[in-house]
> 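Sharing a structure with you now.
In this chain, numbering begins with 1 at the start of the sequence shown. Everything quoted here is computed from the prediction, not taken from an experiment.
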Amino acid sequence: MFKAKHLTEIQAFMEKTGIPGRDGWGLPPSKKSFPDGCNYRIEIAGVERYSNMVAMVDEAKKRSLPVHRAICTVSGSTYCDFEELKNMAKLAHDEQIELIMVVGHRKAWDVGSKEMGYPEGGPQGPRHRGSDSMAYWVEDMMRNVEAGIRGFLVYDEGALKLVSRMRAEGFLPKETIFKWSVFGGQCSPAGAKLLEELGADTMNPISDVSLPILSSIRTAVNMPLDVYMIIVDSFGGMFRAYDAPEIVRVASPVYFKIEPGTSEGDIYKPWVTDGWHDEFIRAKVKIASTLREIMERRAPELKLSGRGPADLRLPAVD
């Protein structure tokens, strides 16, 4: 008869594989950083149109705030024409901002995807349904690549493996990067390690991860962790402004994610006017500047990267 292993044996086996056997309850300081030696950076989500990017850049300059990464077209890049994608790439390149594009096709767009629309189907996440959906998704990615964009959001482990191989074999540009989405639902060091092994370059854990969980994830992986500092009400509505120093201390290197609002569906509807998005993006930059203020007051030893650090994957422009 097989004899069940004791908890301590299970934890020891986890440690042997590079996965912490316990969450980081001791909250040890992270010994890792970005390549420039700094500990945190700023990510602004929801740059849906070119005009929104113009507004974001303008507000950041007014506040002397470096914005390192923009998450763009959360509603789907298929709502942008090719010229708009090229304009976004050009402005981001000139302002030294890394772009992560959210492309279609995805599960919610699939005419046969009914389960996702019900409470018990929602936890499945927006993973691709069949091969057609995945091929359409890559096709839209290719349109963005041709426009010069080199960063993409991924929320399906199979898709991540596929595009990582495309990158390795030159089917996609070698400098392309992949960010794992919160909709992929990973929130453990084992999951984070799997994503890094599959080719993820940066990871967004779920929004309610505790400090001990963040600490354990940091132990398992080297890639940056993209941590929600403020999140839409439908995800819990947390605003972790005064957690910011501890989050950076235990999980460096960290991107602060700024995403207030009621729900993802409300704030990223593509038919909301550009002017509404322009003002909303300015509010997000203001929140980011407040987070920087708290960091400088409470933890001045933890450093914010300056404008345009060399390791960012900027869009390629002619």
Side-chain angles (χ1 to χ4, degrees), residues 1-32 106-108 110 112-134 137 153-168 178-228 231 235-236 238 243 246-247 249-254:
M1 178 183 292
F2 180 84
K3 182 175 175 57
K5 302 297 190 291
H6 190 272
L7 176 62
T8 56
E9 296 175 284
I10 296 168
Q11 292 170 328
F13 189 94
M14 293 170 65
E15 294 281 353
K16 186 174 67 174
T17 66
I19 299 167
R22 295 202 68 201
D23 290 335
W25 292 101
L27 300 181
S30 170
K31 297 179 181 179
K32 300 171 184 178
R106 53 206 193 211
K107 193 173 182 180
D110 190 328
S113 183
K114 296 188 68 175
E115 285 191 11
M116 192 179 177
Y118 294 87
E120 291 187 5
Q124 297 170 349
R127 290 172 178 83
H128 296 285
R129 185 173 175 274
S131 287
D132 286 351
S133 178
M134 193 171 297
W137 178 75
L153 192 75
V154 184
Y155 31 75
D156 180 301
E157 291 86 352
L160 177 59
K161 183 175 182 179
L162 175 66
V163 293
S164 294
R165 181 163 180 175
M166 287 178 171
R167 176 176 60 184
F178 303 118
K179 168 185 165 73
W180 184 257
S181 169
V182 66
F183 286 103
Q186 294 290 353
C187 52
S188 73
K193 191 173 180 66
L194 171 66
L195 298 176
E196 195 168 60
E197 290 171 352
L198 288 174
D201 299 284
T202 183
M203 174 200 178
N204 187 168
I206 63 172
S207 62
D208 62 357
V209 282
S210 65
L211 288 172
I213 292 175
L214 279 174
S215 177
S216 66
I217 292 174
R218 171 47 65 219
T219 300
V221 298
N222 294 317
M223 61 182 167
L225 300 179
D226 315 327
V227 181
Y228 279 112
I231 181 61
F235 263 117
M238 291 80 72
D243 272 345
E246 282 296 280
I247 287 171
R249 188 179 68 82
V250 304
S252 169
V254 166

> Begin from the C-alpha positions of Ser181 and Asn204 and carry the test side-chain hydrogen bond (donor to acceptor under 3.5 Å, both in side chains) through to its verdict.
CA-CA 5 Å; Ser181 169; Asn204 187 168; 5.8 Å; no
> Look at the side chain of Gln186 and the backbone N and O of Pro205, then say whether any donor-acceptor pair between them is shorter than 3.5 Å.
no
> Using atom types as modelled and distance alone, determine if a side-chain donor or acceptor of His6 lies under 3.5 Å from a backbone N or O of Thr8.
yes
> Taking atom OG1 of Thr202 and atom CG of Asp226, what is their separation to the nearest 0.5 Å?
3.0 Å
> In Å and rounded to the nearest 0.5 Å, what is the CG to CD1 distance from Asp23 to Ile217?
8.5 Å
> Check this for me: does any side-chain nitrogen of one of Asp243 and Arg249 sit under 4.0 Å from a carboxylate oxygen of the other?
no
> How long is the span from the OG atom in Ser164 to the CG atom in Leu160, to the nearest 0.5 Å?
4.0 Å
> How close do Glu196 and Met223 get, heavy atom to heavy atom, and via which atoms?
OE2-N, 2.9 Å
> Given side-chain contact (heavy atoms from CB on, under 4.5 Å), test Val154 with Trp137 step by step and report yes or no.
CA-CA 10 Å; Val154 184; Trp137 178 75; 4.0 Å; yes
> A side-chain contact here means heavy atoms from C-beta on lying under 4.5 Å apart; do Pro224 and Val254 qualify?
no
> Determine whether His128 and Tyr155 make a side-chain contact, defined as any pair of heavy atoms from C-beta on separated by less than 4.5 Å.
yes
> Check this for me: Lys5, atom NZ, are more than 12 non-hydrogen atoms of other residues, nucleotides or ligands nearer than 6.0 Å?
yes
> Kindly indicate, with the supporting measurements, whether the criterion side-chain contact (heavy atoms from CB on, under 4.5 Å) is fulfilled by Tyr228 and Met238.
CA-CA 8 Å; Tyr228 279 112; Met238 291 80 72; over 6 Å; no
> Is there a donor-acceptor pair closer than 3.5 Å between any side-chain N or O of Arg218 and the backbone N or O of Ser252?
yes
> Which heavy atom of Ile19 sits nearest a heavy atom of Ala190, and at what distance?
CD1-CB, 3.7 Å
> Minimum heavy-atom separation for Ser216 and Gly24, please, with both atom names.
CB-N, 3.9 Å
> Show, in sequence, the C-alpha distance, side-chain angles and deciding distance for Arg127 and Glu157, and conclude whether the side-chain contact (heavy atoms from CB on, under 4.5 Å) test is met.
CA-CA 8 Å; Arg127 290 172 178 83; Glu157 291 86 352; 2.9 Å; yes
> Could you tell me the separation between the NZ atom of Lys31 and the OG1 atom of Thr219, rounded to the nearest 0.5 Å?
10.0 Å
> Roughly how far apart are Ile213 CD1 and Ile206 CD1, rounded to 0.5 Å?
7.0 Å
> To the nearest 0.5 Å, how far apart are CG in Leu225 and NZ in Lys32?
9.0 Å
> Check Trp180 against Gly185 and note the closest heavy-atom contact, atom names and distance.
NE1-N, 4.4 Å
> Cys187 and Val209: which non-hydrogen atoms are nearest, and at how many Å?
CB-CG1, 4.1 Å
> Would you name the heavy atoms of Lys193 and Thr17 that are closest together and state the gap between them?
CE-O, 3.2 Å
> Do the two ring centres, one from Phe183 and one from Phe235, sit under 6.0 Å apart?
yes
> Is the closest basic N to carboxylate O distance between Lys179 and Asp201 below 4.0 Å?
no
